[in-house]
There are 2 protein chains.
Amino acid sequence: MAAQGVSRRERIRQTTLAEIRAAARRLLIEQGPQAVTINAVAREMGMSGPALYHYYGSHEELVGAVTADFFRELTQALESARDAYPAGEHGRRLLSACRAMRQWAITHPAEFRWVFGSPITSERRPGSARELAGRDFEQVFLEEVAALWHSRPFPVPAPEELDPSIRKQLAAYAASAGLELPVEVIHVFMSCWIRLDGLLCMEMLNQLDFLFTDMEPVFEECLREIAPRLGLAYEPPPGGAAR
Amino acid sequence: MAAQGVSRRERIRQTTLAEIRAAARRLLIEQGPQAVTINAVAREMGMSGPALYHYYGSHEELVGAVTADFFRELTQALESARDAYPAGEHGRRLLSACRAMRQWAITHPAEFRWVFGSPITSERRPGSARELAGRDFEQVFLEEVAALWHSRPFPVPAPEELDPSIRKQLAAYAASAGLELPVEVIHVFMSCWIRLDGLLCMEMLNQLDFLFTDMEPVFEECLREIAPRLGLAYEPPPGGAAR
DNA sequence: TATGTTTCCTTAATGCCTCTAAGCAAATTT
DNA sequence: AAATTTGCTTAGAGGCATTAAGGAAACATA
């Protein structure tokens with residue numbers, strides 16, 4: 001037995017697994033998603049196609065593993081951006097994470113589309129790496145909004161104002177996620193999240209190409225609209241206009 | 001020569017073309033997008049694979065033609081819903097068209113995803129059937145908003161309030177589309193459109209499954225938020241709650 | 001150290017896919 | 001009636017996912 005109970009073989013195997021995902025990513029970036037085939041990845045690795053099945057049981061499994069990688073990377077980018085501000089400044093931390101999300105989308109367009117642009121539910125079944133990584137990702141924003149609200153409650157609608165069905169669904173979510181947050185707070189979060197992520201989805205699907213060539217100010221405008229709903233003062237991005 | 005200068009052959013050909021697209025659609029609905037292959041469609045038609053190349057030059061061309069079909073169908077659904085109200089009632093016409101869009105999405109989920117869920121720009125080059133059909137589609141909403149504004153101007157932001165970059169881009173769009181509308185009006189339209197379509201995009205990409213099982217009230221809430229921005233009174237859908 | 005097992009990889013093969021090529025037969029035009 | 005166009009066929013190249021069978025090296029153990 002080697003140190004830490006991890007055998008030499010296992011270490012080599014993990015390295016190979018990572019190398020495979022890296023090759024898949026390279027193909028994705030250089031030649032698009034349809035180029036990420038078992039055969040092409042194996043070729044990239046200098047091995048035969050079927051050899052890859054010793055590492056990932058199917059094409060779909062490889063795709064899922066790569067997706068989980070991207071999710072983790074994105075989540076880490078969000079967390080770094082958030083942690084660039086001290087723990088108490090929830091507003092700044094939140095805005096920073098939002099901007100980091102778009103920044104990651106822009107600097108990794110192929111990966112972003114890969115992660116968010118597939119309605120395919122198959123690889124997203126409960127328990128999969130993809131599903132877990134996805135939860136972590138949502139968590140970042142939700143946690144910060146919760147912290148923000150606890151530290152300085154922003155105005156929320158009265159429970160009676162909410163649509164009963166929406167209230168019920170949000171309550172069910174809060175219960176299943178073990179959240180202590182009032183439903184109205186989740187509602188505000190949900191509303192803001194839909195605005196932000198909806199915009200990014202449209203940008204990613206090229207739905208707004210007919211209107212815009214530069215989406216950066218549109219995104220900032222979205223933040224400017226969201227901020228007051230969370231009781232925040234909008235602040236322009238640190239580096240001036242864009243990046 | 002037959003009547004109307006359309007030969008018998010040409011008529012048969014058009015029929016076959018339509019039948020091919022119908023077979024493709026059937027496959028899409030019953031077995032998903034990946035089942036829409038040249039070979040499968042040909043099989044469905046009772047002919048050999050290569051025979052289909054006499055009708056559509058490539059898989060991509062067939063996909064584009066099917067997409068254009070869907071776009072036209074959706075556009076027609078929007079127009080019917082709009083025209084269910086008299087020409088003067090722009091507000092009701094607009095809301096009706098919005099609801100029709102979601103209704104079509106719900107009743108034709110596979111087709112909706114097919115149309116909106118592909119970031120692939122290749123088939124969307126200028127002049128393609130898909131590109132033209134896409135413009136018609138956007139036009140429905142834009143036209144109605146324009147008519148609404150002309151008949152009863154809603155409040156718009158002052159030009160100075162708009163981000164200079166956004167203003168410039170919207171002005172460029174207005175010029176290229178030959179619109180007589182002030183940039184501020186286009187800005188309001190754009191803002192509403194992003195809300196509406198962004199929400200539908202997220203729903204389509206299953207991005208909100210973790211929060212909602214029934215998106216209908218969420219959509220209505222979105223309409224309730226949009227309506228006042230266009231100077232409209234929100235009215236619940238005619239049939240009561242949903243559908 | 002010798003033996004057995006596990007692991008990694010190979011080639012072969014099946015059956016799908018897109019798409020090109022060559023050719024036959026019927027419909028249409030001249 | 002002859003020539004052309006059109007609609008289809010089969011054959012085939014090359015790619016894909018995946019399974020099966022087997023060889024060789026690394027490892028564990030007696």
Side-chain angles (χ1 to χ4, degrees), chain A residues 1-24 26-28 30-67 114 118 120 122-123, chain B residues 1-24 26-28 30-67 114 118 120 122-123:
Chain A
M1 310 285 173
Q4 299 159 1
V6 179
S7 69
R8 167 186 151 77
R9 265 197 169 151
E10 189 54 27
R11 266 182 293 122
I12 292 181
R13 187 181 174 78
Q14 292 305 326
T15 306
T16 309
L17 283 167
E19 204 184 320
I20 289 173
R21 297 195 302 274
R26 206 177 321 129
L27 283 167
L28 166 67
E30 288 169 6
Q31 305 180 50
Q34 80 293 339
V36 183
T37 68
I38 294 275
N39 281 304
V41 172
R43 221 166 14 237
E44 200 84 352
M45 302 276 302
M47 57 166 109
S48 72
L52 227 123
Y53 284 84
H54 281 267
Y55 297 97
Y56 289 105
S58 68
H59 182 250
E60 192 182 330
E61 202 178 310
L62 171 59
V63 166
V66 170
T67 306
W114 175 281
S118 54
I120 305 128
S122 50
E123 90 217 17
Chain B
M1 311 281 175
Q4 300 160 2
V6 179
S7 69
R8 168 185 149 74
R9 263 199 170 149
E10 189 55 26
R11 264 181 295 124
I12 293 181
R13 188 182 174 80
Q14 293 304 326
T15 306
T16 308
L17 284 166
E19 204 184 319
I20 289 173
R21 296 194 302 273
R26 206 177 322 130
L27 284 167
L28 166 67
E30 288 168 8
Q31 306 180 48
Q34 81 294 340
V36 183
T37 69
I38 293 273
N39 281 306
V41 172
R43 219 162 23 234
E44 198 86 354
M45 303 275 302
M47 56 164 115
S48 72
L52 228 125
Y53 285 85
H54 281 268
Y55 296 97
Y56 289 105
S58 70
H59 182 251
E60 191 183 329
E61 202 178 310
L62 171 60
V63 166
V66 171
T67 306
W114 176 281
S118 52
I120 307 128
S122 47
E123 92 217 16

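Everything numeric in this text was worked out from a predicted model, so none of it was measured. Naming convention: chains lettered A, B, ... in sequence-line order (proteins, then strands); numbering from 1 in each chain.
A distance of 6.5 Å separates CD1 of A:I20 from OH of A:Y56, quoted to the nearest 0.5 Å. Of the inter-residue distances, the one linking B:E60 atom CD with B:T67 atom OG1 reads 10.0 Å to the nearest 0.5 angstrom.
Comparing C:dC19, C:dC9, D:dT5 against the side chain of B:Y53 picks out C:dC19 as the nearest. In the set C:dT10, C:dT18, D:dT18, the nucleotide with an atom closest to the side chain of A:H59 is D:dT18. Distances were taken from every side-chain heavy atom of B:S58 (C-beta onward) to each of D:dT18, C:dC19, D:dT9; the shortest belongs to C:dC19. Set against D:dT6, C:dA21, D:dC8, the side chain of B:P50 has C:dA21 as its closest nucleotide.
Toward the 5' end of DNA chain D, the nearer of the two residues B:G49 and A:N39, judged by each one's closest nucleotide, is B:G49.
In this structure, A:R9 does not reach the D:dC27 phosphate: none of its side-chain N or O atoms is under 4.0 Å from OP1 or OP2.
For the pair A:R21/A:V41, no side-chain contact is recorded, criterion being any heavy-atom separation below 4.5 Å from C-beta on.
Here A:R13 lies in heavy-atom contact (under 4.0 Å) with sugar-phosphate atoms only. A:Y55 comes within 4.0 angstrom of sugar-phosphate atoms only, judged by non-hydrogen atoms across all strands, and of no base. At a threshold of 4.0 angstrom between heavy atoms, the contacts of B:T16 with the nucleic acid are absent. Counting any heavy atom pair closer than 4.0 Å across all strands shown, A:S48 reaches a base atom. Residue A:H54 is in base contact, counting any heavy-atom pair closer than 4.0 Å across all strands shown.
Nucleotide C:dA27 holds its P atom 18 Å from the CD atom of B:E10, rounded to whole Å. Regarding B:L62, its CG atom lies at a distance of 14 Å from the P atom of C:dC17, rounded to whole Å. Following rounding to the nearest Å, A:Q34 (CD) and C:dC17 (P) show an atom-to-atom distance of 18 Å. For the pair A:Y56 OH and C:dC8 P, the computed distance is 13 Å after rounding to whole Å. Spacing between atom CE of A:M47 and atom C1' of C:dT7 amounts to 13 Å, rounded to whole angstrom units. For the pair B:M45 CE and D:dC8 P, the interatomic distance rounds to 8 Å; values are reported in whole Å. Rounded to an integer number of Å, the gap from CG of B:L52 to P of C:dC17 is 12 Å. Rounded to a whole Å, the CD atom of A:E61 is 14 Å from the C1' atom of D:dA17.
Taking all atoms of both residues into account, the shortest heavy-atom contact from A:L27 to A:E44 is CD2-OE1, 4.0 Å.
Checked by atom type and distance alone, the side chain of A:E61 pairs as donor or acceptor with a backbone atom of A:G57 at under 3.5 Å.
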